[in-house]
Amino acid sequence: MHTAPDHQYMATALRLAEQGLYTTSPNPRVGCVVVRDGQVLSTAWHQRAGEPHAEPLALRAAGDAARGATAYVTLEPCSHYGRTPPCADALIAAGVARVVIAMQDPNPLVSGRGVVKLRAAGIVVECGLMEAAARELNIGFVSRMTRGRPWLRSKIAMSLDGRTALSNGESQWITGAEARRDVQHWRARSCAVLTGINTILADDASLNVRDIATPRQPLRVVLDSRLRMPLSAKILHGGVLIYTVTQAAEKIAELEKLGATVCVLDGVQGRVDLPAMLRDLAQRGINEVLVEAGSVLNGALLQAGLVDELVLYFAPQLLGDMARGMAALGELSSLTQRVELRWQDVRRVGNDLRILVKVKGTQNV
């Protein structure tokens, strides 16, 4: 049974891992704490893909004192050679006596092998401490490894009666400055921001991270089945990935000359195949996708069962039944067709309310 200090040290490791929220993609966020005789010898967190993982960083800082110590790690230490050597080997070489792991690595290259290697070396290994928190921290990585697609999170700002824009399309600004700033954190943690061509045509959105410090920008992704992207669009500045079903060689060449990447996928009734698009993003190393789109794309993704989580911002105002709704789901003939949600978090952001919900019925990760 884990002790109160075990929980304390693992909580510290999880807070360390969270420091990589904006930087580790496509790798998972991992923290490590090395403890001996009730004293913390060192702490570390994985900062960027290709750089040392949390365990060797912490072991290096602890030095010879790590022999006989306990290492608290938020994810099973890797056991294979990638861009860095196996972390399990580093723990064995350092002579630690015990390793406490929050969760098993979902990566098939690791999954359980790190634990086996450590135990074979005579190290006491315990797995599962604060697993739920560790899984939530790396929900996108887990999704990519187990489902072959990213975790899809849709952000929608609306009035209290669920309206996202007036009937003429006017929507700036329904929510306040604090809520709009909060959205930037969701963008920064995401590997990609996804929208539809109608949002680009209506708002000429850039969809980049603004107003907060981040070492990288998420990949901007646009679904543009008929390749209507204007060559003057702001989103073309700095690179964008465009999914289409249109084989228009001349337009594709023009867009790629401006720095865009155009990916032609098979279509479904003339539209981009949404599951195929997500599989392709996973192959590109995308863990988390933030959707910022209108009711048509939100509705299509929900109907396809591809939305995992909703980040909903409610402003204290009413726009009336003629204004645009949050998701075009069509007319439901039975309550069995409804999209059911699970409450996750509710809090006030400035003058608005932010509600996080997960979609029931989606494949668990």
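In this structure S232 satisfies the side chain to side chain donor-acceptor pair (under 3.5 Å) test with no other residue, sequence neighbours excluded. Scanning for ring pair (Phe, Tyr, Trp, His ring centres under 6.0 Å) contacts around Y243 gives an empty result, with sequence neighbours left out.
Between the side chain of N287 and the backbone N or O of R144 there is no donor-acceptor pair closer than 3.5 Å. With N298 contributing its side chain and G294 its backbone, the two residues share a donor-acceptor pair below 3.5 Å. For the pair T246 (side chain) and A248 (backbone), a donor-acceptor distance under 3.5 Å is absent. With hydrogens and angles disregarded, no donor-acceptor distance shorter than 3.5 Å links the side chain of Q184 to the backbone of R181. For the pair R348 (side chain) and G350 (backbone), a donor-acceptor distance under 3.5 Å is present. At least one donor-acceptor pair under 3.5 Å links the side chain of T23 to the backbone N or O of Q47. Using a distance-only test at 3.5 Å, with no hydrogens or angles considered, no donor-acceptor pair links the side chain of Q217 to the main chain of N208. In terms of modelled atom types and a separation under 3.5 Å, the side chain of D352 and the main chain of A179 share no donor-acceptor contact. A donor-acceptor pair under 3.5 Å links the side-chain atoms of T24 to the main chain of N27, judged by distance alone. The closest donor-acceptor contact from the side chain of D204 to the backbone of K234 lies under 3.5 Å.
Atom CD1 of I156 sits about 12.0 Å away from atom CD1 of I355, to the nearest 0.5 Å. Note that CZ of R135 and CG of L137 are 12.0 Å apart. Values are rounded to the nearest 0.5 Å. In this structure, T199 OG1 and L297 CG are separated by 7.5 Å, a value rounded to the nearest 0.5 Å. Rounded to the nearest 0.5 Å, atoms CG (L152) and CG (L194) are 7.0 Å apart. For the atom pair W186 CH2 and R354 CZ, the distance stands at 5.5 Å (nearest 0.5 Å). Atom CG in L241 sits 9.5 Å away from atom CE in M277 (nearest 0.5 Å).
Taking hydrophobic clusters as Ile, Leu, Val, Met, Phe, Trp and Tyr residues chained together by side-chain heavy-atom distances below 4.5 Å, L302 does not share a cluster with V296. Hydrophobic clustering keeps I92 apart from V116 (ILVMFWY residues linked when any side-chain heavy atoms are closer than 4.5 Å, directly or through intermediates). Residues V125 and M103 are members of one and the same hydrophobic cluster, defined by side-chain heavy-atom contacts under 4.5 angstrom among Ile, Leu, Val, Met, Phe, Trp and Tyr. Linking Ile, Leu, Val, Met, Phe, Trp and Tyr whenever their side-chain heavy atoms come within less than 4.5 Å puts V33 and M10 in one cluster. Residues V262 and L278 do not share a hydrophobic cluster, defined by chaining ILVMFWY side chains whose heavy atoms lie under 4.5 Å apart.
Ion pairing between E136 and K358 holds under the 4.0 Å rule for side-chain N and carboxylate O. No salt bridge links R29 with E18; every basic N to acidic carboxylate O contact stays at or beyond 4.0 Å. Taking the charged nitrogens against the carboxylate oxygens, R163 and D321 have no contact shorter than 4.0 Å, which rules out a salt bridge. Using a cutoff of 4.0 Å between basic side-chain nitrogens and carboxylate oxygens, K117 and D89 are scored as salt-bridged. In this structure, E126 does not pair ionically with R119, as no charged nitrogen and carboxylate oxygen lie closer than 4.0 Å. Salt-bridge check for R284 with D280: passed, with a basic side-chain N closer than 4.0 Å to an acidic carboxylate O.
When every heavy atom of V193 is checked against every heavy atom of P218, the shortest pair comes out as CG2-CG, 3.7 Å. Contact record, V240 with I235: CB-O, 3.6 Å, taken as the closest heavy-atom pair. Minimum interatomic distance between L14 and A134 (heavy atoms only, all atoms of both residues): CD2-CA, 3.8 Å. Nearest heavy atoms, I200 versus A205: CD1-O, 3.8 Å. Closest approach of L281 and P150 over heavy atoms only: CB-CG, 4.0 Å. When every heavy atom of A49 is checked against every heavy atom of P26, the shortest pair comes out as CB-CD, 3.9 Å.
The one candidate from D224, L207, V221 that meets the side chain to side chain contact (heavy atoms under 4.5 Å, CB included) condition with T195 is L207. Each of R180, R220, K155, R153 was compared with E292 under the salt bridge (Lys or Arg N to Asp or Glu O under 4.0 Å) criterion, and only K155 meets it. Screening V183, L353, I174 for a side chain to side chain contact (heavy atoms under 4.5 Å, CB included) involving Y313 leaves a single residue, V183. Tested against S42 for a side chain to side chain contact (heavy atoms under 4.5 Å, CB included), the candidates V34, L57, L59, V35 yield a single pass: V34.
M326 has its side chain within reach of L312: a pair of non-hydrogen atoms, C-beta onward, lies under 4.5 Å apart. L75 is listed as a side-chain neighbour of P28, based on a closest heavy-atom distance under 4.5 Å. Looking only at side-chain heavy atoms (C-beta outward), D266 and D273 stay at 4.5 Å or farther from each other. No side-chain heavy atom of P86 sits under 4.5 Å from any side-chain heavy atom of P77. R210 is listed as a side-chain neighbour of R187, based on a closest heavy-atom distance under 4.5 Å. Side-chain contact between D308 and V359 is absent, with no heavy atoms from C-beta onward closer than 4.5 Å. A 4.5 Å side-chain heavy-atom check between L274 and L223 finds at least one atom pair inside the cut-off. Annotation: side chain of V339 is not in contact with side chain of K360 (no heavy-atom distance under 4.5 Å).
Around CZ of R271, the count of heavy atoms belonging to other residues, nucleotides or ligands within 6.0 Å does not exceed 12. Under a cut-off of 6.0 angstrom, the local environment of NZ in K251 is crowded, with over 12 non-hydrogen atoms contributed by other residues, nucleotides or ligands. Atom CZ of R226 sits in a sparse spot, with 12 or fewer heavy atoms from other residues, nucleotides or ligands closer than 6.0 Å. In D345, the CG atom is crowded: over 12 heavy atoms of neighbouring residues, nucleotides or ligands sit closer than 6.0 Å.
Taking the six-membered ring where the residue is Trp, H46 and H53 present perpendicular rings, their angle passing 60° and hence far from 30°. The aromatic rings of H7 and H2 sit perpendicular to each other, their planes meeting at more than 60°, with 30° as the lower class boundary.
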Exercise for review: Kindly indicate, with the supporting measurements, whether the criterion side chain to side chain contact (heavy atoms under 4.5 Å, CB included) is fulfilled by Q303 and L301.
Suggested key: CA-CA 6 Å; Q303 286 179 318; L301 289 166; over 6 Å; no

Exercise for review: Carefully, step by step, assess V99 and V124 under the rule side chain to side chain contact (heavy atoms under 4.5 Å, CB included).
Suggested key: CA-CA 6 Å; V99 177; V124 175; over 6 Å; no

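If you check the side chains of R228 and N198, you find a donor sitting under 3.5 Å from an acceptor. Side-chain polar atoms of Q8 and T12 form no donor-acceptor pair below 3.5 angstrom. Using modelled atom types, one finds a donor on one side chain and an acceptor on the other under 3.5 Å when comparing D6 with T3. For the residue pair Q104 and S111, a side-chain donor N or O sits within less than 3.5 Å of a side-chain acceptor on the partner.
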